[in-house]
Amino acid sequence: MPDAPKQPSSAPEADNPHRTFDGQEEGHVPTFPVPERNLGKDGYPAPFVQGGLDGWKEEWKKSVGDQGDEWWRKAAEDNLYWHRPFTTVRAGGFENGDTQWFPEGGLNVSYNCLDRHAYANPDKTAIIYEADEPGQAREISYAELLRETCRIANVLKGWGVKKGDTVSIYLPMTWHAAAAFLACARIGAIHSTVFAGFSAESLRDRVQDCECRVLITSDEGKRGGKTIATKAIVDSALKECPLVEKVLVLQRTGNEVPMEKGRDFWWHEEAPKVPSYCAPEIMNSEDPLFILYTSGSTGKPKGVVHASGGYILGALMTVKYVFDVHPEDRFACMADVGWITGHTYIVYGPLALGVTTTFFESTPVYPNAGRYWDFVDEHKITQFYTAPTAIRLLRRLGEEHVKTHNLSTLRVIGSVGEPINPEAWHWYNDNVGRGKATIVDTYWMTETGSIHVTPIPGVTPTKPGSATFPFFGVDVEILDPNTGAVLEGGDVEGVLACKKPWPSLARTVYKDHARYLDTYMKPYPGYFFYGDAAARDNDGYIWIKGRVDDVINVSGHRMSTAEVESALLMFSGVAENAVVGTADDLTGQAVHAFVCMKEESDYSKAPEKEAELKKALGIQVRKVIGPFAAPKKIYIVRDLPKTRSGKIVRRALRKIASGEGDQLGDLSTISDPSIVEHIMEAVKKA
Ligand code: WTA
């Protein structure tokens with residue numbers, strides 16, 4: 001593909017005042033014009049939305065206006081295959097948590113993701129599987145993916161899995177995960193995927209909560225040259241999951257792993273025994289497609305439930321418009337399939353659209369920091385989607401790893417999962433996009449199912465650090481956090497809320513609808529509450545400022561302070577503890593834990609063992625949650641700052657952990673101010 005004439009990549013069009021996500025005034029940021037490559041010049045495809053920002057605005061207004069549902073009706077009719085047509089577009093609403101989309105409609109998600117493309121274009125690559133070791137990539141066609149999916153669907157059916165049953169999936173980043181998801185969707189089973197970085201105890205809790213009888217896993221995983229003992233983790237988890245009768249085990253490494261007779265079966269032995277076609281079960285649009293557990297304010301993760309028709313439509317439409325994906329494009333999302341980004345932007349969205357997607361098994365730095373860019377050049381990737389953490393890591397490792405690459409196939413480069421700081425944005429723009437690809441900073445969450453606030457390539461001039469404007473059909477407001485009043489106009493800051501249901505909205509929390517209503521619908525009646533603070537500048541651009549609850553975001557991994565606290569509390573000798581998130585240059589936020597030991601604990605009797613204790617506490621969190629949740633810093637303290645009524649003053653702990661102990665402000669609410677001194681000492685010492 002020809003390269004557009006070189007433009008200076010940092011050519012600002014205008015200056016706009018803005019605030020960064022942590023609320024600091026930062027002066028002025030440049031606005032970046034739409035790159036020529038996204039306007040269909042020099043052999044690159046023309047954008048879907050015509051008429052630039054004005055054209056988009058007109059279309060967006062239609063999509064959220066009185067006739068907004070018509071926008072979705074047309075989208076659903078034009079882009080999905082319905083085995084049974086719908087008449088109603090939308091029913092219900094936020095207040096009772098009874099939103100329905102296309103309720104009379106009948107469809108099968110796997111049919112939409114596979115059959116219609118496999119019949120039209122059997123040899124087209126559905127998946128590029130970039131295996132952990134460089135040079136071992138493999139492409140899987142739509143026809144092959146359909147056959148493999150059908151076989152696994154038939155294996156599950158043979159085991160008695162029926163429509164409405166749950167199936168747990170605990171798989172590393174191999175393409176077979178797509179076949180596992182779609183096999184469930186094919187027979188109407190609800191999959192519940194657990195990120196393969198979760199520990200045995202976390203897996204056990206999620207398997208128990210969704211009450212599945214079948215689990216799909218692998219012998220081992222490969223990542224960054226390391227081997228992960230996937231099946232061993234499953235075996236340990238299943239000791240306390242008596243309902244699980246059958247385990248399907250994919251052979252990834254071929255190393256020997258124990259197989260329990262009558263319970264564990266090899267994927268490669270079972271699949272060839274059954275037919276390679278399985279008729280799709282016609283599902284109601286509102287039937288659940290999957291459960292995905294995510295963290296909230298309390299220690300217990302929520303099983304977020306997504307419905308079939310609305311979810312697949314949201315996934316498809318955002319892939320198409322947010323990433324400007326055309327039929328011959330090769331789309332690459334670097335997330336793990338175990339998180340929502342992997343569900344929507346590795347599996348469901350790109351496959352529903354019938355384009356080529358990617359399973360990237362490795363890390364950005366294996367075997368060196370040029371791995372992503374080798375991959376982009378080798379496979380002629382057109383859209384590349386990753387998290388700010390990876391960008392910050394690569395920025396730190398130096399430009400020499402990216403400079404030597406061509407990267408001219410890229411038209412859109414995305415960011416997701418956490419606010420992207422302007423430094424990382426500029427590095428991404430200059431070194432990866434080279435000023436010729438649009439950066440889409442996409443804001444959304446597990447519960448929204450698909451992207452909510454984002455630039456549109458070919459349309460939106462971007463500002464580093466701003467997710468810009470809402471997607472079609474998404475109408476957001478910024479509310480005063482205390483009164484709930486709508487904050488109009490520019491230069492306002494408050495909490496972000498959504499005014500109107502969208503198709504890929506999560507329908508409930510598994511077995512806990514009250515919690516669904518309490519978390520999202522009740523805080524600001526009439527709105528869906530995201531849990532994030534946000535500002536709008538004078539140009540109407542939206543700036544996401546981070547969570548307002550006790551959720552912390554480490555490298556884009558969402559966890560609650562309460563989860564980490566309860567893991568630490570289970571450690572013998574811990575009296576109490578408090579966990580806070582602090583800003584971190586690399587991971588966005590980092591976990592800091594303040595731990596008090598019981599007086600009678602062994603440690604209290606031998607304080608010289610502090611280093612040993614901290615290590616053991618770190619292992620405890622890895623064991624209960626997973627390695628990604630391990631605290632960056634642990635401080636052993638004799639007490640915690642509390643109010644007279646005994647509430648821990650986290651604000652003070654957050655400041656101290658952030659090195660802002662001199663800015664604590666009013667300490668009169670703390671019952672024993674001497675504790676603050678003591679904690680500051682402990683932090684200094686660490
Ligand atoms: C945060 C990940 C700023 C936000 C898709 C949200 C972001 C949480 C962005 C959801 C972004 C996600 N800018 N913050 N572009 N994208 N977040 O459920 O705090 O794992 O509430 O979904 O990530 O995390 P989740």
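Positions are given from 1, in the same order as the sequence printed here. Heavy-atom basis, side chains included; hydrogens, waters and symmetry copies ignored. Read the numbers this way: they start at 1 and go in the same order the structure lists the ligands and their atoms. Worth saying up front: this structure is predicted, and the values here are computed from it rather than measured.
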key: Test salt bridge (charged side-chain N to carboxylate O under 4.0 Å, His left out) applied to Lys302 and Asp512, step by step   = CA-CA 8 Å; Lys302 294 191 278 268; Asp512 200 350; over 6 Å; no

task = Could you walk me through whether Asp209 and Lys300 pass the salt bridge (charged side-chain N to carboxylate O under 4.0 Å, His left out) test, one step at a time?
result = CA-CA 10 Å; Asp209 189 74; Lys300 193 175 178 287; 3.5 Å; yes

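Geometric assessment of Arg536 against the ring of Tyr541 yields a negative cation-pi assignment under the 6.0 Å and 45° thresholds.
Ranking the protein heavy atoms by distance from atom 1 (C) of ligand 1 puts Gly417 O, 3.3 Å first. Taking atom 24 (O) of ligand 1 as the reference point, the nearest protein heavy-atom neighbour is Arg558 CD, 3.5 Å. Here the protein heavy atom with the shortest distance to atom 25 (P) of ligand 1 is Thr446 OG1, 3.6 Å. Ranking protein heavy atoms by distance to atom 3 (C) of ligand 1, first place goes to Pro419 N, 3.1 Å. In this structure, atom 10 (C) of ligand 1 lies nearest to the protein heavy atom Met445 CB, 3.5 Å.
Considering Arg515, His513, His306 in turn, His513 is the only one that fulfils the side chain to side chain donor-acceptor pair (under 3.5 Å) rule with Thr508.
When heavy-atom distances to ligand 1 are checked against a 4.0 Å cut-off, Ile340 comes that close only through its side chain, counted from C-beta outward. Contact annotation: for Trp444 versus ligand 1, heavy atoms closer than 4.0 Å belong to both the backbone and the side chain. Residue-level proximity to ligand 1 for Glu418 is carried by the backbone, the only part with a heavy atom below 4.0 angstrom.
Here is the list of ligand 1 atoms found below 4.0 Å of a heavy atom in Arg547: 19 (O), 21 (O). Listed by atom number, the atoms of ligand 1 under 4.0 Å from Ile544 heavy atoms are 3 (C), 14 (N). The atoms of ligand 1 that sit less than 4.0 Å from any heavy atom of Thr341 are 5 (C). The distance from ligand 1 to the heavy atoms of Asn553 drops below 4.0 Å at these ligand atoms: 1 (C), 23 (O).
For atom 4 (C) of ligand 1, the nearest non-hydrogen atom from the set Val551, Thr454, Asp532 belongs to Asp532.
Residues Phe628 and Val591 have side chains not in contact (no heavy-atom distance under 4.5 Å, counting atoms from C-beta outward).
Residue Asp441 has at least one N or O atom closer than 3.5 Å to an N or O atom of ligand 1.
Ion pairing between Glu286 and Arg507 holds under the 4.0 Å rule for side-chain N and carboxylate O.
To the nearest 0.5 Å, atom CE of residue Met445 and atom CZ of residue Arg558 are 4.5 Å apart.
Under the 3.5 Å distance criterion, with hydrogens and angles disregarded, no donor-acceptor pair is assigned to the side chains of Ser199 and Arg622. In the model, Tyr311 has no side-chain atom that pairs as donor or acceptor with a side-chain atom of His343 under 3.5 Å.
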